[in-house]
Amino acid sequence: MSAAVRKAELHCHIEGAASPELVRAQARKYGADVSGFISGDRYVWSDFTDFLGAYDGAAALFRSEEDYALLAQTYLEGIAEEGAIYAEIFVSPDHAAAAGLSPVAYFDGLAAGIGAAKASTGIECRMIVVGVRHLGAERVEAAARLAASRPHPLISGFGMAGEERFGTPGDFARAFDIAREAGLGITIHAGELAGPESVRGALDHIRPARIGHGVRAIEDEALVRRLAESGVVLEVCPGSNLALGLYPDIASHPFDRLRVAGVRVTLSSDDPPHFGTSVGREYRMAAEAWGYDRAALTAITRTALQAAFIDEDTRAFLLGQLD
Ligand SMILES: Nc1ncnc2[nH]cnc12
Ligand SMILES: [Zn+2]
């Protein structure tokens, strides 16, 4: 499996894509100490809660448009080298605000990086605004209202990340209604840290086109059938799931079982340097674990492009690159 297999990444948190090397450079720039969450060239955290702390620590060191332009460009050029032709990045105005950056400066900075990466590699990218679940429904609604005001043309979706064990999907239904009515694509993290009931709640109350992770649906046969029949696409991130201890090894991961059951599945990296991964590695792991050949891997990319939150002309152009 080589970079020649075209890839599309639907699930990557931009703040979670900052390499320890880049975060160290930012820390030097701002005179900050990262020893609490970076050791040598690695992030250090012990569980999901601790991971969120490391994630927030890194995010706090991106404080200007230029910082975010550099982050987006570095991430996108890196995955373009692995064969990615399309990416959607989760962008979190709450993290930008915590670092003192206005939403407009945040989106403009990211867009500058996206533009630079497109100019150097051809990669397309769109932004999905996310609310942070553990900040509560009001903050998530504020993020949805912001996204619904269409503050940047590259914003094409709305989602929710953060601590899945906080609240229930129904608590956040209004936020997603606001985003849906504004014509944004809808995705929500579910079935990662919480079980099938979280996926069921998301389907019932949020009506998403896609679900971030969703893998724990495998624990409920009827739910797997419902997912398959609905056509809802799962943004599966096996490397993330292994790093966070959901499954002991790739052979135990449900990606292939979901695929065989007819669920539309895609491959992404989530927070690549935190989990020692990249979209290229995710495709490689899948090829090795389940014997996927080039056609099978390309089919995964096709599913991702069909589910991408993008205009139809660009979708057709990208799908044309798979032939
Ligand atoms: N894997 C993940 N799950 C939930 N929220 C996140 N934010 C960043 N990465 C996340
Ligand atoms: Zn995620």
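Order of appearance sets the numbers: ligands from 1, and atoms from 1 within every ligand.
With 3.5 Å as the limit, one finds a donor-acceptor pair spanning the side chains of Tyr30 and Asp67.
Of all the N, O or S atoms in His189, the one closest to the Zn ion (ligand 2) is NE2.
When non-hydrogen atoms are compared, ligand 1 lies under 4.0 Å from neither the backbone nor the side chain of Glu163. Only the side chain of Phe51 comes within 4.0 Å of ligand 1, counting heavy atoms alone; its backbone N, CA, C and O stay farther away.
Here Arg216 does not pair with Glu192 in a salt bridge; the nearest charged N to carboxylate O distance is not below 4.0 Å. Ion pairing between a basic and an acidic side chain is recognised when a charged N comes within 4.0 Å of a carboxylate O; Glu229 and Arg226 show no such pairing. Remark: Arg133 does not engage Glu163 in a salt bridge, criterion side-chain N to carboxylate O under 4.0 Å.
At least one N/O-N/O distance between Asp270 and ligand 1 falls below 3.5 Å.
For ligand 1, the atoms closer than 4.0 angstrom to any heavy atom of Asp271 are 1 (N), 8 (C), 9 (N), 10 (C).
Among the atoms of His13, an N, O or S atom falls under 2.8 Å from the Zn ion (ligand 2). Distance check for Glu235 against the Zn ion (ligand 2): none of its N/O/S atoms falls below 2.8 Å. Note on His11: counted as a metal contact of the Zn ion (ligand 2), an N/O/S atom lying under 2.8 Å. Because the distance cut-off is set at 2.8 Å, Cys12 fails to qualify as a neighbour of the Zn ion (ligand 2), as none of its N, O or S atoms comes that close.
Ring pair Tyr75/His13: centre-to-centre distance not below 6.0 Å.
For atom 3 (N) of ligand 1, the nearest protein heavy atom (residue, atom name, distance) is Glu192 OE1, 2.8 Å. Looking from atom 4 (C) of ligand 1 to the surrounding protein, the closest heavy atom is Gly162 O, 3.3 Å.
By the 4.0 Å heavy-atom criterion, Phe48 is counted among the residues contacting ligand 1.
For the pair Arg281 and Phe275, the NZ or CZ position fails the cation-pi test of under 6.0 Å to the six-membered ring centre and within 45 degrees of the ring normal.
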